[in-house]
J.: 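If you scroll down you'll find the structure; I have some questions about it.
Because only heavy atoms are used, hydrogens play no part in the values below, and waters and symmetry mates are left out as well, while side chains stay in. Below, read A as the first sequence line, B as the second, and so on, with proteins coming before strands; counting in each chain starts at 1.
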Amino acid sequence: MDNYNPQEIEAKWQKRWEEAKLFESESAPERKKYYVLEMLPYPSGDIHMGHVRNYTLGDALARYKWMLGYNVLHPIGWDAFGLPAENAAIKHQRHPSEFTFSFIDRMRGQLKRLGFSYDWRREIATCKPEYYRWNQWFFLRMYERGLAYRKKSRVNWCPQCETVLANEQVVNGSCWRHEDTPVIERELEQWFLKITAYAERLLEDMKELVRWPERVLAMQQNWIGKSKGTFVDFTLEGSGEPIRVFTTRVDTIFGCSALLLAPEHPLVEKLITRSSSPAELRAAVERVKASAVRARVEVNLEKQGVFTGFNALNPYSGKNVPVWVANFVLVEYGAGAVMAVPAHDQRDFEFCSAYGLPIPQVIVPRNNEPVDITQGAFVEYGRLVNSGAFSGLTSEEAIDRMTEEAERKGFGQGTVQYRIRDWGISRQRYWGTPIPIIYCEKCGVAPVPESDLPVLLPTNVKFTGRGPSPLSEVAEFVNTRCPKCQGPARRETDTMDTFVDSSWYFYRYTDPKIATVPVNRSEVQYWFPVDQYIGGIEHAILHLIYMRFFTKVMQDIGLVDFPEPVVRLFPQGMVIKDGAKMSKSKGNVVDPTQMCARYGADTVRLYMLFAAPAEKDLDWSDAGIEGASRFLNRVYRLVQRHANRLRAVKSRAGDAIDSGGVSSLTSAERRLLRKTHQTLRHITEDIEGRWHFNTDVAMTMELVNELTDLEPAAEAGEIRPEVHKKSLEYLVLMLSLFTPHLADELWEALGHSEPTLKVQWPQYNPELAAEEEIELPVQVNGKLRARIKVAAGLNEEEIRHLAQRDEKVAAHLNGKQVVRVIVVPQKLVSIVVK
RNA sequence: GCGAAAGUGGCGGAAUUGGCAGACGCGCCAGACUUAGGAUCUGGUCCCGCAAGGGGUGGGGGUUCGAGUCCCCCCUUUCGCACCA
C-alpha cells in the first residue's frame with residue numbers, strides 16, 4: 001500500500017475538477033440557489049493564513065450546499081486598487097499595475113493550490129477599466145441625485161500615505177495602516193457621498209439583519225449614533241443674533257451657566273472682530289483651537305476655553321450667560337455650540353469647575369435622595385427644581401413640554417442628530433478610480449458624460465511620492481474640454497477611496513463581463529441576496545456599512561429591488577501566532593504556500609478548522625498542524641487497508657439496514673453505525689447552525705477511532721463488508737467538506753467514479769444514531785455515587801428502582817430517609833436524603 | 001471612562017436548553033515493533049490520596065435536588081467607542 005502523498009493526490013484532483021468544470025455554475029430559475037461569498041483579497045503578494053481560514057470556511061459551506069443539491073455561486077476576485085501597489089511603484093519606479101497583476105497571478109496560483117471551489121470564470125479585478133468604469137457610473141448617478149457633492153472640509157491627513165483618510169480609517173488618532181503615524185488636519189476641497197441621508201434607513205433596516213451577529217449590529221448602531229434632542233436658539237446680547245445649540249437634555253436648561261462655541265464655529269470670527277481687544281482674543285482662541293486639534297488625537301486632554309466678552313440670552317430663563325469658546329465642543333456635530341450645564345453633565349462640570357463658573361442644580365432625584373453635586377454632575381433623569389414654570393415636572397415630561405414651547409414660540413425645535421458623517425472619498429493618489437468630473441472656468445463643475453466613460457487612468461505617470469497627486473502632473477489627462485461649452489477645462493485629479501470598489505463587487509460576480517450596465521438585473525434577481533458572507537470582523541463598520549449604503553442607493557435608482565444584500569454574516573477570528581497578529585515586522589508569519597508544500601492543502605485546511613471555533617482567534621501551532629497531518633495519514637491508511645476488499649462490494653444504502661432494520665444488525669455493526677450516524681447528525685446540525693467546525697472535525701476523529709477499534713470485529717466477520725463499506729463511505733463524504741482532495745481519492749479507491757461534490761449529502765438515520773443502552777449517573781445529595789446501565793426506553797419508575805437498588809447507591813442511602821428522587825430522562829438520577 | 005465579549009488541565013479547546021467537567025487533538029509518561037526513530041501501534045495522563053474518599057471551571061456570595069452554564073459584587077484579558085452635548 002502506498003503512503004499518503006498529498007502533493008500527488010491534490011494535483012491529480014485539482015486537474016480533474018478543472019477539466020470537469022466542477023465549480024462552474026449558471027443561473028437556473030428552476031433550481032434553488034445558494035450564494036456563498038467571501039471577502040475578496042487585496043493582492044499584496046502572497047495569500048496569508050487569514051485568507052486561508054476565511055476561504056476554508058466558505059469552501060466547506062459551499063461543498064455542503066452543493067451536495068444538498070443547491071445551485072451554488074462561489075466566486076472570488078481582487079480588491080486591486082490601493083496604496084501598497086502605489087508605494088511599491090514609488091520605491092521601485094515601476095507601474096502599480098505591474099505589481100498588481102503579477103501579485104494577482106501569484107496569489108491566484110496559491111489559491112488554486114489550496115483547491116478552493118471557485119468559479120474562476122467570474123474572477124474580477126477592481127483595477128480594470130471594465131470594472132472601475134462602473135464606480136464612475138455610480139458616482140455620476142449619485143451626483144445627479146445630490147448624493148455626491150464637494151465641500152471644503154477639515155480632513156484627516158496621513159503624512160505617511162500622503163493622502164486623506166476617512167474618519168473610520170483613523171484609529172486612535174493614527175492612520176489605520178500606520179499605527180505610529182499620527183494623522184494631522186488639513187483643509188481641502190473634497191468629494192463626499194451623502195451616507196448621512198441614509199442614516200435612518202441604515203438603522204431601520206438592521207431589523208432585517210436577524211442573521212447578523214449582535215456585536216456587528218451594535219457597532220454599526222453606535223457608529224450611526226442617532227440621538228433625539230432639541231435645538232435651542234440663544235440670543236447674542238447686543239446684536240440679537242441667534243446662537244443655536246443642540247441638547248438632549250433641554251430639561252436642564254435652567255441650570256445653564258455658559259454657552260460654549262466650538263473654536264471653528266463661524267460666529268467666533270465675528271466676535272473677535274467686535275471684541276474690545278481683538279488681538280488678545282484671537283490669540284486665546286487660537287490656543288484653544290490648537291488644544292482642540294491635539295485633543296482629537298490624544299486622549300483625555302484637559303478642558304480649556306476662553307471667555308469672548310459677550311453674553312447670550314437663555315430664552316427659557318430670560319437670563320444672560322457668558323459666551324465661551326471651548327476646546328471640547330465639536331463644530332461638525334449638532335449645532336457646533338452647546339449650553340454648559342455643569343450640575344448635570346460631567347464634561348460641563350469639569351469645564352465650569354476649572355473656570356469658576358456657577359454650578360446651579362436644577363434636577364433632583366425622583367426619590368428625593370440628596371445628591372452631592374460638588375463632586376460631580378448628577379446626570380440621570382429626575383424631577384425639575386428652580387426651573388420656573390417647569391419646576392416639579394419629571395425630566396421626560398419637561399423635555400416634551402419645553403420642546404413644544406420652543407416650537408410654539410419659535411426659538412427652537414425638536415430634532416434628531418446622527419454621529420455618522422458623510423463619506424469623504426477623494427484620495428490624492430494615482431492607483432484608484434478617477435473621479436469623473438471636469439472643471440470649466442465658464443461652466444464650473446461638470447460631470448463627465450456617461451458616454452465618455454470610463455475616464456481611464458493614464459499610464460505615463462511619474463511616481464515621485466512627493467507633492468500633489470500624480471494625476472495632476474499628467475497634462476494629457478488634466479487638460480480636456482468642457483462637456484458643456486467645449487472650452488478648455490481641467491479634470492479632477494483625485495481618485496476614489498477603494499471602499500467604493502468593494503461596496504458593490506459582489507453584484508458584479510453574477511455577470512462579471514456585462515458591458516452595458518454595472519449589474520445584470522436578471523442574474524441578480526436569481527442569485528441575490530447573498531446567503532452567507534464570511535470575512536474578518538475588522539470590516540464590521542467600514543466595509544459592511546458602505547456596502548449596505550450602496551445597496552440602498554441601488555434600490556433607489558432601480559437597479560435592485562431589495563434593501564439589504566446579505567442575509568447572513570459570519571465574521572471569523574484572526575489567525576495569530578504566539579499571541580500576536582502575524583506580521584512581517586514581528587517575524588511570526590506562517591506562509592500557507594510553504595505549509596501546502598510541506599503537508600498538503602488538505603492538512604492546512606483541516607488544521608484551520610480544527611484548531612479553534614471559527615469565530616474565535618486561532619493561535620497557530622506547529623505541533624497542531626503535525627497532528628492534523630497525522631490524522632489524515634491515519635484516515636488514508638484506514639480506508640486503503642479495506643479498499644481492495646470492499647471496492648466491488650455494494651454498500652447498503654437505503655435498504656433494510658439503513659431504513660431501520662436495526663434488529664438485523666450484529667452488535668458490532670450497531671456500534672459502528674451508531675457512531676457513524678451520530679457523527680453525521682452532529683456535522684449536519686452544526687453546519688446548519690453553530691458553525692463549530694472544530695467539533696465537527698473532532699467527531700470525524702472519533703469515528704476514525706471507532707473504525708480502527710472495530711477492525712478486529714470486521715476481520716472476524718462480525719461486521720459485514722457492506723456495512724463496513726457504508727461507514728467508510730460516510731466518513732469520506734463528511735471529510736470531503738474539509739479535505740476534498742483526500743476525500744475524492746478515497747472515494748475513488750472505494751470504487752466510485754464521480755467526485756464527492758456530485759454525491760448527495762447523506763441523511764442521518766435517527767434510529768441508528770440513538771443509543772440503546774444508556775449509562776445514567778446517580779447522585780445522592782448532589783454527589784456522584786454510581787453509574788447504572790439502563791435500556792434507552794425504560795420508564796421513570798423502573799429507573800428510580802434500579803438506581804436505589806444499586807449497591808453503591810444503597811450504601812449511601814443506608815439509615816437515611818429518601819426525601820425525593822429526581823429522574824431526568826437520558827441524563828441522570830438525583831436522590832435527596834435526610 | 002462607556003459598551004460588548006471572554007476567563008475551563010502543561011497547551012488548543014469540548015460540555016447546543018441548568019444534569020457524568022475536561023470530548024477531540026497537542027504535549028508528556030510507560031510499553032510494543034525496530035539497527036535506528038522526529039515513523040507506526042497499545043496503554044496512561046485535572047489535583048490531593050495506597051485506598052476509601054475529598055477538592056476542582058478567575059475570586060467572593062446567592063438561587064437550586066443539582067451551577068462552567070442563571071443572579072449579585074469584585075478581578076483580569078481582548079475587542080469596539082472615546083469629549084457626539
J.: Given A85(B), C65(B), U16(B), identify the nucleotide with an atom nearest to the side chain of R820(A).
T.: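 Selected nucleotide: C65(B).
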J.: Could you state the atom-to-atom distance from CG of D619(A) to P of G27(B) in whole Å?
T.: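 About 16 Å, once rounded to whole Å.
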J.: Would you say A52(B) has OP1 or OP2 under 4.0 Å from some side-chain N or O of R785(A)?
T.: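 For A52(B), neither OP1 nor OP2 has a side-chain N or O of R785(A) closer than 4.0 Å.
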J.: Just by distance, with hydrogens left out, do Q304(A) and R287(A) show a side-chain donor and acceptor under 3.5 Å apart?
T.: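 No donor-acceptor contact under 3.5 Å links the two side chains.
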J.: Please give, in whole Å, the distance from C46(B) P to L784(A) CG?
T.: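 In whole Å, C46(B) P lies 16 Å from L784(A) CG.
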J.: With both distances kept under 3.5 Å, what pairs with U40(B), Watson-Crick or G-U wobble?
T.: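 The base-pairing partner of U40(B), which may sit in any strand shown, is A32(B).
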J.: Within a 6.0 Å radius of atom CD on E214(A), are there more than 12 heavy atoms belonging to other residues, nucleotides or ligands?
T.: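 Open: at most 12 neighbouring heavy atoms sit under 6.0 Å from CD of E214(A).
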J.: Side-chain N or O of T695(A) less than 4.0 angstrom from OP1 or OP2 on G13(B)?
T.: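 Checking G13(B) against T695(A), no side-chain N or O comes under 4.0 Å of OP1 or OP2.
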J.: Below 4.0 angstrom from OP1 or OP2 of C41(B), is there any side-chain N or O of R637(A)?
T.: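 Result: yes.
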J.: Distance check: side-chain N/O of R630(A) vs OP1/OP2 of G27(B), anything under 4.0 Å?
T.: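 Yes, R630(A) has a side-chain N/O under 4.0 Å of OP1/OP2 on G27(B).
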J.: Taking only the side-chain heavy atoms of V824(A) (C-beta and beyond), determine which of G19(B), A14(B), C24(B) contains the nearest atom.
T.: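 Selected nucleotide (nearest to the side chain): G19(B).
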J.: Across the strands shown, which category fits A623(A) at heavy-atom distances under 4.0 angstrom: base, sugar-phosphate, nothing?
T.: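 It contacts sugar-phosphate atoms only.
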J.: Any side-chain N or O of N694(A) less than 4.0 Å from the OP1 or OP2 oxygen of A14(B)?
T.: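 Result: yes.
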J.: What is the distance, rounded to the nearest whole Å, between atom CD of E626(A) and atom C1' of C28(B)?
T.: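 From E626(A) CD to C28(B) C1': 17 Å.
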J.: Only pairs with both distances under 3.5 Å count, Watson-Crick or wobble alike; so what is the partner of A5(B) in this structure?
T.: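 U77(B) - that is the nucleotide pairing with A5(B), both distances being under 3.5 Å.
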J.: Using a heavy-atom cut-off of 4.0 Å across all strands, would you classify S830(A) as base, sugar-phosphate, or nothing?
T.: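 Since a base atom lies under 4.0 Å of S830(A), the category is base.
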J.: I'd like the P distance from C28(B) over to C33(B), given in whole Å.
T.: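 To the nearest whole Å, 22 Å.
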J.: Under 3.5 Å for both donor-acceptor distances, Watson-Crick or wobble: does C83(B) have a partner, and if so which one?
T.: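 Answer to the pairing question: none, since C83(B) forms no Watson-Crick or G-U pair.
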J.: If we only count heavy atoms from C-beta on, is the K303(A) to N327(A) side-chain gap below 4.5 Å?
T.: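 They are in contact (side-chain heavy atoms under 4.5 Å apart), so the answer is yes.
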J.: Does one side chain, of T230(A) or T247(A), offer a donor that lies under 3.5 Å from an acceptor on the other?
T.: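 No donor-acceptor contact under 3.5 Å links the two side chains.
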J.: Starting from P on G13(B), measure out to CZ on F631(A) and report it in whole angstrom.
T.: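 That distance rounds to 20 Å.
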J.: Tell me which nucleotide, if any, is Watson-Crick or G-U wobble paired with C65(B) when both distances must be under 3.5 Å.
T.: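 Paired with C65(B), as far as the under-3.5 Å criterion goes, is G19(B).
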J.: Work out how far the P atom of G56(B) is from that of A21(B), and round it to whole angstrom.
T.: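 Per the computed distance, 12 Å lies between those P atoms.
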J.: Over all strands shown, is S227(A) touching base, sugar-phosphate only, or nothing at heavy-atom distances under 4.0 angstrom?
T.: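 Result for S227(A) = sugar-phosphate.
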J.: Looking only at atom P, what distance separates C48(B) and G37(B), rounded to whole Å?
T.: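 Those two atoms are separated by 31 Å.
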J.: Which part of the nucleic acid, if any, lies within reach of D686(A) when heavy atoms closer than 4.0 Å are counted: base, sugar-phosphate only, or nothing?
T.: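 Here D686(A) touches no strand at all.
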J.: Just call it for V338(A): base, sugar-phosphate, or nothing, with non-hydrogen atoms closer than 4.0 Å on any strand.
T.: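 The residue V338(A) makes base contact.
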J.: I want to verify a distance call: between G25(B), C83(B), A23(B), whose nearest atom is closest to the F610(A) side chain?
T.: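 Comparing G25(B), C83(B), A23(B) against the side chain of F610(A), the answer is G25(B).
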J.: Check step by step if side-chain contact (heavy atoms from CB on, under 4.5 Å) holds for F351(A) and W324(A).
T.: CA-CA 11 Å; F351(A) 184 81; W324(A) 287 63; 3.8 Å; yes
J.: What distance, rounded to whole Å, do you find between the two P atoms, one in C46(B) and one in G38(B)?
T.: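 Approximately 26 Å lies between the P atom of C46(B) and that of G38(B).
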J.: For atom P, what is the distance between C71(B) and U63(B), given to the nearest Å?
T.: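 That atom pair is separated by 16 Å.
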J.: Counting heavy atoms from C-beta on, name the nucleotide in G19(B), C65(B), C81(B) closest to the side chain of L828(A).
T.: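 When the side chain of L828(A) is considered, G19(B) is the closest of G19(B), C65(B), C81(B).
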J.: Quick one: which of G19(B), A21(B), G13(B) gets closest to the side chain of P613(A)?
T.: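 Among G19(B), A21(B), G13(B), the one nearest the side chain of P613(A) is G13(B).
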J.: Toward the 5' end of RNA chain B, which comes first, N705(A) or G336(A), by nearest nucleotide?
T.: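 First, find each residue's nearest nucleotide; the 5'-ward one identifies N705(A).
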J.: Taking C47(B) as the reference, what is the distance to G9(B) when you measure between their C1' atoms (whole Å, please)?
T.: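 After rounding to an integer number of Å, I get 9 Å for this pair.
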J.: For C41(B), does OP1 or OP2 lie under 4.0 Å from any side-chain N or O of R634(A)?
T.: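 For C41(B), OP1 or OP2 has a side-chain N or O of R634(A) closer than 4.0 Å.
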J.: Look at R215(A) and A5(B) and indicate whether a side-chain polar atom (N or O) is within less than 4.0 Å of OP1 or OP2.
T.: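 No, R215(A) has no side-chain N/O under 4.0 Å of OP1/OP2 on A5(B).
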J.: When rounded to the nearest Å, what value does the distance between P atoms of A14(B) and A6(B) take?
T.: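 About 12 Å, rounded to a whole number of Å.
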J.: Using the C1' atom on both, measure U64(B) against C70(B) and round to a whole Å.
T.: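 The same atom, C1', in both gives a distance of 10 Å.
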J.: From C-beta outward on I822(A), which listed nucleotide comes closest to its side chain: A85(B), C65(B), G25(B)?
T.: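 Given the options A85(B), C65(B), G25(B), the side chain of I822(A) is closest to C65(B).
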J.: Name the nucleic acid region contacted by H682(A), choosing base, sugar-phosphate or nothing; use a 4.0 angstrom heavy-atom cut-off, strictly under.
T.: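 Base, at least one base heavy atom under 4.0 Å.
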J.: Examine W423(A) together with F192(A) and report whether their ring centres are nearer than 6.0 Å.
T.: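 For W423(A) and F192(A), the ring centres are not under 6.0 Å apart.
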J.: Mind telling me whether G27(B) is syn or anti, cutoff 90° either side of 0?
T.: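 Chi for G27(B) falls in the anti range.
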J.: Should C26(B) form a Watson-Crick or G-U wobble pair with both distances under 3.5 Å, which nucleotide is its partner?
T.: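 Base partner found: G10(B).
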J.: If you round to the nearest 0.5 Å, how far is CZ of R249(A) from OH of Y381(A)?
T.: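 With rounding to 0.5 Å, OH (Y381(A)) is 5.5 Å from CZ (R249(A)).
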J.: Whole angstrom is fine here: how far is it from CD1 in I420(A) over to P in C81(B)?
T.: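 Taking CD1 of I420(A) and P of C81(B), I get 13 Å after rounding.
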J.: Starting at the 5' end of RNA chain B and moving along, which residue's nearest nucleotide shows up first, G225(A) or N633(A)?
T.: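 Closer to the 5' end of RNA chain B: N633(A).
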J.: Take atom CG of D622(A) and atom P of C26(B), then tell me their distance rounded to the nearest Å.
T.: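 Checked: the CG to P distance equals 15 Å.
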J.: Which base sits across from G49(B) as a Watson-Crick or G-U pair, both distances under 3.5 Å?
T.: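 Because no pair has both required distances under 3.5 Å, G49(B) counts as unpaired.
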J.: Rounded to whole Å, how long is the line connecting atom CG of L217(A) with atom C1' of G3(B)?
T.: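 Atom CG in L217(A) sits about 15 Å away from atom C1' in G3(B).
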J.: Regarding E706(A) and R671(A), does a basic nitrogen lie under 4.0 Å from an acidic carboxylate oxygen?
T.: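 Looking at E706(A) and R671(A), the cut-off is met.
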J.: Which nucleotide, G19(B), C24(B), A15(B), lies nearest any side-chain atom of K827(A)?
T.: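 Of the options given, the side chain of K827(A) lies nearest G19(B).
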J.: In the structure I gave you, are the side-chain heavy atoms of Q417(A) and K226(A) within less than 4.5 Å of one another anywhere?
T.: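 Sidechains of K226(A) and Q417(A): no contact.
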J.: How close or far is atom C1' of A85(B) from atom NZ of K226(A), stated in whole angstroms?
T.: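 Checked: the NZ to C1' distance equals 18 Å.
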